[in-house]
Amino acid sequence: MEWLIGLACSAGIAGAAYAKRSLSGSGFFAAVMLGTVMYALGSAVWFGSLIAFFVSSTLWSKWKKHAKAEAESSYEKTGRRDAGQVLANGGVGLLLCAANWAYPHPLWWYAFLGVMAAVTADTWATEIGGLSRTPPISIKTGRRVPPGTSGGVSGLGMVASLAGGLFIGAAAWMLLVVVPGQSAPDTTSAALRPAAWIGIAGLAGIIGSLADSWIGATWQQMYRCPACGREIEQVRHCGRPAERIRGRSGWSNDTVNVAGSLAGGVAAASLALALGLA
């Protein structure tokens, strides 16, 4: 029964996103698979945390889209999320959910919470930070860089990043409280759980987002457009092949997102262990 419920919910949400052109065809099928399995192996709090990330990030991506067009023109992927983006943001979370299903332990939950907080924080930072009135600075050099530059951070983006992590912690706690028939995925007392989940998610989100920015500035493959001279993530720009200027082979935007989510998961699990919550 859980598989059918997960399939119906995932197909409904992904179908609406596909109709709104927020998901490509491959992204739709990947999202349905991801959501179905996560609901079947986890519960509403696991599945709902994934949905909270997806829905909130989709809404922010649509907000003032024209104002962010210049910054987004240098990104490797924009607009409709494909299967690679869906799996880069949710794949690690699915593996942690499956691990908890096979070998239940509170640590899996906290790692999952950190992963979802990190991908949410990074996405919110990108979508909201792209509207900053002051140019971002490179996390690596501290110098001002053009909007949309990989590894660029801004004050507005940092605030958005923290808000994204806190949002995931709060959404997960509310899902546990509101949806009946669930058992808590951790052993934290009910009185301390809101502060623990929200606080850990907020910190893990910031850590994962900053790790994503650092890796993006250091390892991600970057190119320069021979026509406009911009530093970009794309292999083609202005209708011409771009010249690779730095980065390691294989480190695409999706790979960087996976690494950032792992950093958030490790941070959250470490904080839970340090606080004696897992």
Side-chain angles (χ1 to χ4, degrees), residues 38 41-54 56-57 88-126 129 139 153 155 157-177 182-216 218 256-278:
M38 189 168 291
L41 300 185
S43 63
V45 68
W46 296 79
F47 175 78
S49 298
L50 174 69
I51 298 303
F53 153 70
F54 175 72
S56 67
S57 298
N89 286 303
V92 176
L94 179 61
L95 292 176
L96 291 167
C97 181
N100 185 73
W101 172 77
Y103 305 100
H105 193 282
L107 201 59
W108 298 122
W109 164 252
Y110 281 106
F112 173 84
L113 187 66
V115 164
M116 298 316 303
V119 296
T120 304
D122 180 61
T123 304
W124 283 32
T126 300
I139 192 173
V153 296
M158 289 293 292
V159 172
S161 178
L162 176 61
L166 295 174
F167 167 75
I168 286 296
W173 173 73
M174 290 180 65
L175 284 163
L176 181 66
V177 172
Q182 297 184 92
S183 58
D186 67 336
T187 56
T188 309
S189 68
L192 293 177
R193 188 170 288 125
W197 286 17
I198 296 171
I200 287 176
L203 288 171
I206 284 283
I207 292 170
S209 180
L210 289 175
D212 184 288
S213 295
W214 178 266
I215 296 169
T218 307
V256 173
N257 286 341
V258 171
S261 73
L262 285 170
V266 170
S270 299
L271 285 167
L273 285 172
L275 296 172
L277 302 176

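Looking only at side-chain heavy atoms (C-beta outward), V119 and N257 stay at 4.5 Å or farther from each other.
Closest approach of G165 and A121 over heavy atoms only: N-CB, 4.2 Å. The two residues A196 and T188 have their closest heavy-atom pair at CB-CG2, 4.3 Å. The two residues L210 and I139 have their closest heavy-atom pair at O-CD1, 3.6 Å. M38 and W46 make their closest contact through SD-O, 3.5 Å (heavy atoms, listed as atom of the first residue, atom of the second, distance). Here the shortest heavy-atom pairing between L113 and A201 reads CG-CB, 4.1 Å. Here the closest heavy-atom approach between residue A190 and residue P194 is recorded as O-CD, 3.4 Å.
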Might you work through the side-chain contact (heavy atoms from CB on, under 4.5 Å) test for S161 and W124, ending with a clear yes or no? CA-CA 6 Å; S161 178; W124 283 32; over 6 Å; no
How far apart are the C-alpha atoms of T123 and F53, what are their side-chain angles, what is the distance that settles it, and do they pass the side-chain contact (heavy atoms from CB on, under 4.5 Å) test? CA-CA 9 Å; T123 304; F53 153 70; 3.7 Å; yes
Let me see the working for L277 and I200 under side-chain contact (heavy atoms from CB on, under 4.5 Å), right down to the final yes or no. CA-CA 11 Å; L277 302 176; I200 287 176; 3.8 Å; yes
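A distance of 12.5 Å separates OH in Y110 from CG in N100, rounded to the nearest 0.5 Å. Summarising the geometry, atom CZ belonging to F112 is positioned 8.5 Å from atom CD1 belonging to I168; distances are rounded to the nearest 0.5 Å. Put simply, OG on S49 and CZ on F167 are 9.5 Å apart, with the number rounded to the nearest 0.5 Å. Separation of atoms CG (D212) and CG (L262) is listed at 11.0 Å; rounding is to 0.5 Å.
In this structure a side-chain-to-backbone donor-acceptor pair under 3.5 Å is present from Q182 to A44. Between the side chain of S209 and the backbone N or O of G205, no donor-acceptor pair lies under 3.5 Å. Between the side chain of T120 and the backbone N or O of A117 there is no donor-acceptor pair closer than 3.5 Å.
Between the side chains of D186 and W197, at least one donor-acceptor pair of N or O atoms lies under 3.5 Å.
No more than 12 heavy atoms of other residues, nucleotides or ligands lie within 6.0 Å of CH2 in W108, so this atom counts as exposed by the packing criterion.
In this structure, the side-chain contact (heavy atoms from CB on, under 4.5 Å) partners of A259, at least two apart in sequence or on a different chain, are I215, W251.
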